[in-house]
Every structure is written in C-alpha cells, then in structure tokens.
Amino acid sequence: MEQLHFITKLLDIKDPNIQFMDIINKDTHKEIIAKLDYDAPSCPECGSQMKKYDFQKPSKIPYLETTGMPTRMLLKKRRFKCYHCSKMAVAETSLVKKNHQIPRIINQKITQKLIEKTSMTDIAHQLSISTSTVIRKLNDFQFKHDFSRLPEIMFWDVETVRGVTVLLQHLSRVRVQIMNQFDRKSHEYKPIKRYWKLIKQDSRKLSHNFVCT
Ligand SMILES: [Zn+2]
C-alpha cells in the first residue's frame, strides 16, 4: 500500500526500518500495526555475522493522538541470532530509546506539558500513559549531564522549580478535594480553607497549637 508511505510522514516517524502494515480503527483508539526489520548486524558478543531469526511479539507503544483519538503502535521487532555463539539480539529503532517503551516524541510532549504546568494526572490522561511515566520524566530532568557547567546548574534549578510547582498544584487540588468533603460550616472545613499555606510548610516546623488556633 503506497498510502502507508504518507502515513509515515504524517506521523513523523523517521526510522526507515519501520514498515507500516495497517491501521485499525477501534471504538476507543487507533492501532498502527508496524514492523521493524533490517539486515542482520554482526554479533555484539563474538563479532560473527548474525542471521535474521523471528519477530518478537508486538510491543505496545503509546503514540500521539491522531484525528483526536488515542493511538498506539503495535510494533513487531525483528530478532537476530548468532549461530556461532547463540547470542540473540532485537532490532533497535530511533523511535524509542533502547530498553524504553515510550517514543521520544511522547517524551518531548510530556516535557512540553510539564513546562506548560499541566498537572501530571492530566498529562497521563491526555497522552494515554501512566502517571509514573510522567513522574519518571520529571525525575529525568534532575539528572541531565549533557549541559556544560553553568547552563547545567540553571537547567537543573529551573526544572526543579517546575517540578515543585507541579507537585504543589497537585497538593492544592488534593486539599480542595478533601475540603469539599466537609460541610462549609464544619470545624474541619474552615481550617483547611483558611490555613492553605500550611501545605507548603516543612512538617517538622509545625506545631499542633498553631493548627488549632
Ligand atoms: Zn556471536
């Protein structure tokens, strides 16, 4: 199908080793069926020429929404075998980092949304990924090494501040949720509403007296 070539462009998938087989419209989402294949490389273990073996069962890779529908890719990756030392290897793609499930393009989107101060749960929902994936991405920021001296420190600080902002937004939302469970005139409602700044305090510096006044 020649059209599938255009789909590659539309989805901005730059790896020529990914071949599209089909796109399935499900009720709740779209599935892109694709395979990753290329000539057998030499063995990373002994250097002999490997041979094509079979395909792995499809990896489920979340992708950007298409036409407003959550979309995921079912990517079958080629396996290679070394008949000299029996080493097996799986085809690699620039689409996702080695041993990762989340495409770079999704990671970029997470970063963008974190900067826009979208909450972590909203990001997870919007991109059909787990909240822990978003948190992992947030943690990544603090371990960037590919920046030279001063810019590295600045980057770290800015991202930490953003991380704290996102966390505070989340805490604030939880506070409102808890608050709204109580009657507006109750003993519980008033302090939660009035002392909202307490949520930002170091718990070691709080005393019961202060909370109760
Ligand atoms: Zn080998």
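Side-chain atoms are counted along with the backbone in the values below, which use heavy atoms only and exclude waters and symmetry mates. For ligands, and for the atoms within them, numbers begin at 1 and follow the listed sequence.
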Does any non-hydrogen side-chain atom of [Y] lie less than 4.5 Å from one of [X]?
| X | Y | value |
| --- | --- | --- |
| Tyr63 | Leu95 | yes |
| Glu92 | Tyr38 | yes |
| Pro62 | Ser128 | no |

Co-members of Met88 in a cluster of I, L, V, M, F, W and Y side chains, linked at under 4.5 Å: Tyr53, Tyr83
Using a cut-off of 2.8 Å, how many protein N, O or S atoms sit around the Zn ion (ligand 1)?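 Step by step: take the Zn ion (ligand 1), keep protein N, O, S below 2.8 Å, and you get 4.
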Polar contact flag, side-chain donor to acceptor under 3.5 angstrom, Glu116-Gln112: yes
Show, in sequence, the C-alpha distance, side-chain angles and deciding distance for Asp37 and Lys52, and conclude whether the salt bridge (Lys or Arg N to Asp or Glu O under 4.0 Å) test is met. CA-CA 9 Å; Asp37 196 7; Lys52 287 189 179 189; 3.4 Å; yes
